[in-house]
Amino acid sequence: VVAFKIIVINKAETTPLIIDDNTDALEDTRLKYRYLDLRRPAMQNYLIKRAKIVKCAHEYLDDNGYIEVETPILTLSTPEGARDYLVPSRIHHGKFYALPQSPQMFKQLLMIAGLERYYQIARCFRDEDLRADRQPDFTQIDIEMSFMDQEQVLTMMEGLLKYIFKKVNNVDVELPLRRMEYLEAMSKYGSDKPDTRYELFLHEIKPIVEKADFKPFRDAKYVKALIIPHHAEKASRKAIDDISNEMKKYSLPGIIAFKVSNGKMDGSLLKYVDESIQESLMKSLNLQNDDLILVAAGDVFSDICFALGSLRSRFAKELGLVKPNTYDLLWVVHWPLFEISKETGKITSSHHPFTRPYDEDLKYLESDPLKVFSQAYDIVINGYEAGGGSLRIYDQATQKEIFKILGFSDEDVKRKFGFFIDAFKYGTPPHAGIAFGLDRLSMILGGTDNIRDVIAFPKNLAASCPMSGAPEIVDPEQLDDLGIAIKSK
RNA sequence: GGACCAGUGGUGUAGCGAUUAACAUGUCUCCCUGUCACGGAGAAGAUCGCGGGUUUAAGUCCCGUCUGGUCCGCCA
């Protein structure tokens with residue numbers, strides 16, 4: 001190329017960050033100058049992949065007869081679940097819209113309307129604390145369909161995933177995907193979104209150790225062990241103390257650690273454990289020299305599982321057990337319908353109040369609701385919950401009963417869900433649905449563990465936008481219009 | 001609401017009790033060059049987030065605070 005003339009189209013100042021794929025600018029700086037950060041090819045690739053995923057969803061769902069429908073952004077506040085973002089109404093003094101946490105009720109109403117197959121690339125909003133994989137303002141590939149049972153839904157949806165993985169990353173996903181029950185995921189992997197790329201399992205050892213004259217073993221309802229192979233030598237006293245300390249997060253007093261050396265168990269607390277018990281532990285856990293055994297004991301099943309589950313993933317990373325460049329997809333199925341809120345002690349839906357219980361469990365609905373399992377399913381990829389859904393309740397009576405169990409008064413139900421319950425009167429087909437987290441799928445396929453990387457203009461952990469400065473105070477006139485006054489804190 | 005980690009030139013890091021506060025990159029000037037992450041010579045640029053304390057002496061230790069991140073709670 002021979003240039004005859006050079007014209008400066010626009011002058012550029014020195015950029016506050018280095019525009020290069022290998023930039024190591026702090027995220028804070030990158031977010032402040034996001035428009036410069038997005039000049040980097042690596043960042044553009046995330047957005048390109050994201051767009052491809054959306055395109056695939058359109059293609060696959062269109063081809064299978066799904067109709068894209070938009071549902072309102074200004075909608076009704078829902079009493080359960082995440083905190084709503086509220087939008088004051090100027091016309092209706094003192095009243096508020098809410099931004100949707102999900103188009104849940106609308107998509108079910110579309111089933112009643114007879115659309116049979118719906119989808120939407122849906123913006124959702126939840127006013128809860130943020131995480132590396134959680135933004136307050138996010139996108140779901142939201143799907144609902146009529147006249148399908150769980151197996152048909154899963155088959156249809158894993159077809160979509162296969163299509164996306166092939167088109168976006170040229171990865172062949174083998175179908176059908178594995179189905180794992182919630183209880184297995186929890187007790188074996190210590191997570192309801194197990195990372196199945198590596199083996200390293202939790203073991204229930206309560207039956208083996210309950211005879212030991214050691215209070216945690218004797219009295220705790222659950223005693224679980226995680227074996228870290230060939231790690232006893234490397235685990236210093238300080239490292240164990242650190243782990244123990246971390247267990248407080250899961251409301252456990254600490255961790256009990258044993259080692260194996262010279263073919264025998266070793267550890268200061270073993271004086272409380274008979275040799276015969278030690279031997280049967282050695283045998284049933286198939287312990288080898290230099291193994292590190294971490295034991296958690298307690299009465300709350302989920303605490304014990306999550307505690308050891310966090311150690312499981314931590315050691316897997318540390319020891320390089322995670323297979324690189326693999327995508328492990330599975331369905332987690334058979335979830336409990338309810339759970340007890342730790343904070344309030346009240347019963348809440350584990351999924352949402354529209355989830356259909358298994359027919360054979362309906363008999364426990366009143367007497368022992370925690371025994372009721374639901375026809376819900378999560379898609380888990382490499383330890384991420386990439387989506388979830390359920391078969392829905394489609395008869396008015398069951399839906400009303402669920403609301404009752406959740407503690408909504410008749411008046412609450414009428415005001416918050418009246419329109420929804422009413423609709424059930426007019427003939428509701430059996431229906432089911434799912435929502436895939438577009439942001440999470442983009443992370444997984446893009447190969448990043450930070451959700452902000454795949455969102456053009458994300459919020460930081462404090463839920464503000466370092467670039468625009470949102471949220472901000474507004475003019476007093478705007479507040480006046482809305483009849484709102486700000487109370488000082 | 002809680003725990004932990006970090007905050008040093010424009011950018012990213014090192015320094016962890018007494019150094020002219022180091023390095024890389026960027027910026028500016030000059031030299032060289034058929035470019036493609038050239039190369040060479042030189043220059044400017046940080047009082048180490050903020051406040052207080054300990055000490056003869058503090059980026060370096062302690063306390064508080066702010067900001068950012070990771071996690072727990074929370075996320076139907």
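Below, read A as the first sequence line, B as the second, and so on, with proteins coming before strands; counting in each chain starts at 1.
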Rounded distance in Å - [atom1] ([X]) to [atom2] ([N]):
X: A:K459; N: B:G69; atom1: NZ; atom2: C1'; result: 18 Å
X: A:L17; N: B:U25; atom1: CG; atom2: P; result: 18 Å
X: A:D192; N: B:C74; atom1: CG; atom2: C1'; result: 14 Å
X: A:I451; N: B:U70; atom1: CD1; atom2: P; result: 11 Å
X: A:L36; N: B:G12; atom1: CG; atom2: P; result: 13 Å
X: A:D84; N: B:C75; atom1: CG; atom2: C1'; result: 12 Å
X: A:Y384; N: B:C71; atom1: OH; atom2: C1'; result: 13 Å

Please work out if [X] contacts a base, only the sugar-phosphate, or nothing of the nucleic acid, heavy-atom cut-off 4.0 Å.
X: A:E246; result: nothing
X: A:S349; result: sugar-phosphate
X: A:S102; result: base
X: A:N460; result: sugar-phosphate
X: A:R314; result: nothing

Point to revise | Reference residue A:D439; test salt bridge (charged side-chain N to carboxylate O under 4.0 Å, His left out); the match among A:R50, A:R123, A:K49 | key: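 Per the salt bridge (charged side-chain N to carboxylate O under 4.0 Å, His left out) rule, the option paired with A:D439 is A:R50, out of A:R50, A:R123, A:K49.
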Please determine, for [N], whether a Watson-Crick or G-U wobble partner exists with both distances under 3.5 Å, and give it or none.
N: B:G42; result: B:C28
N: B:A22; result: B:U13
N: B:U55; result: none
N: B:A3; result: B:U70

Taking only the side-chain heavy atoms of [X] (C-beta and beyond), determine which of [options] contains the nearest atom.
X: A:A82; options: B:C75, B:G69, B:G26; result: B:C75
X: A:D28; options: B:G26, B:G68, B:C71; result: B:G68
X: A:L26; options: B:U70, B:U11, B:U13; result: B:U13
X: A:K249; options: B:G69, B:U11, B:C72; result: B:C72
X: A:S464; options: B:G10, B:G68, B:U70; result: B:G68

Can you classify the ring geometry of [X] versus [Y] as parallel (below 30°), tilted (30 to 60°) or perpendicular (above 60°)?
X: A:F373; Y: A:H334; value: parallel
X: A:Y35; Y: A:Y33; value: perpendicular
X: A:Y189; Y: A:F201; value: perpendicular

Can you tell me, in whole Å, how much space there is between the [atom1] of [N] and that of [M]?
N: B:C30; M: B:G69; atom1: P; result: 43 Å
N: B:C23; M: B:U29; atom1: C1'; result: 23 Å
N: B:U20; M: B:C38; atom1: C1'; result: 32 Å
N: B:G15; M: B:G2; atom1: P; result: 31 Å
N: B:A3; M: B:C48; atom1: C1'; result: 27 Å
N: B:G64; M: B:C4; atom1: P; result: 11 Å
N: B:A37; M: B:G26; atom1: C1'; result: 13 Å
N: B:U8; M: B:G49; atom1: P; result: 6 Å

Check your understanding: When you look at A:T196 and A:D328, which way does the side chain to side chain donor-acceptor pair (under 3.5 Å) test go after all the steps?
Key -> CA-CA 6 Å; A:T196 45; A:D328 229 3; 3.0 Å; yes
Review point. Below 4.0 angstrom from OP1 or OP2 of B:G12, is there any side-chain N or O of A:T29?
Key: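 Yes, within the criterion.
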Review point. Which of residues 119-142 of chain A sit near RNA chain B, with a heavy atom under 4.0 Å from it?
Key: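 RNA chain B contact set from residues 119-142 of chain A: A:R126, A:E128, A:D129, A:R131, A:A132, A:R134.
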**Study point:** A:E204 side-chain N/O to A:V223 backbone N/O, donor-acceptor pair under 3.5 Å
**Key:**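 Flag set: sc A:E204 to bb A:V223 pair under 3.5 Å.
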Check your understanding: Short question: side chain of A:R392, backbone of A:A432 - any donor-acceptor pair under 3.5 Å?
Key ->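 Checked: no pair found.
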Practice item. Could you check if the base of B:G9 is syn or anti? Syn means the glycosidic torsion is within 90 degrees of 0. Key: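 Classified anti.
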Exercise for review: Using a cut-off of 6.0 Å, state whether more than 12 heavy atoms not belonging to A:F125 lie near its atom CZ.
Suggested key: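 Enclosed: over 12 neighbouring heavy atoms sit under 6.0 Å from CZ of A:F125.
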Review point. If you round to the nearest 0.5 Å, how far is OG of A:S442 from CD1 of A:I48?
Key: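 A:I48 atom CD1 to A:S442 atom OG measures 12.5 Å (nearest 0.5 Å).
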Review point. Would A:Q108 and A:M105 satisfy side chain to side chain contact (heavy atoms under 4.5 Å, CB included), going step by step from the backbone distance to the final call?
Key: CA-CA 5 Å; A:Q108 291 194 238; A:M105 280 189 272; 5.5 Å; no
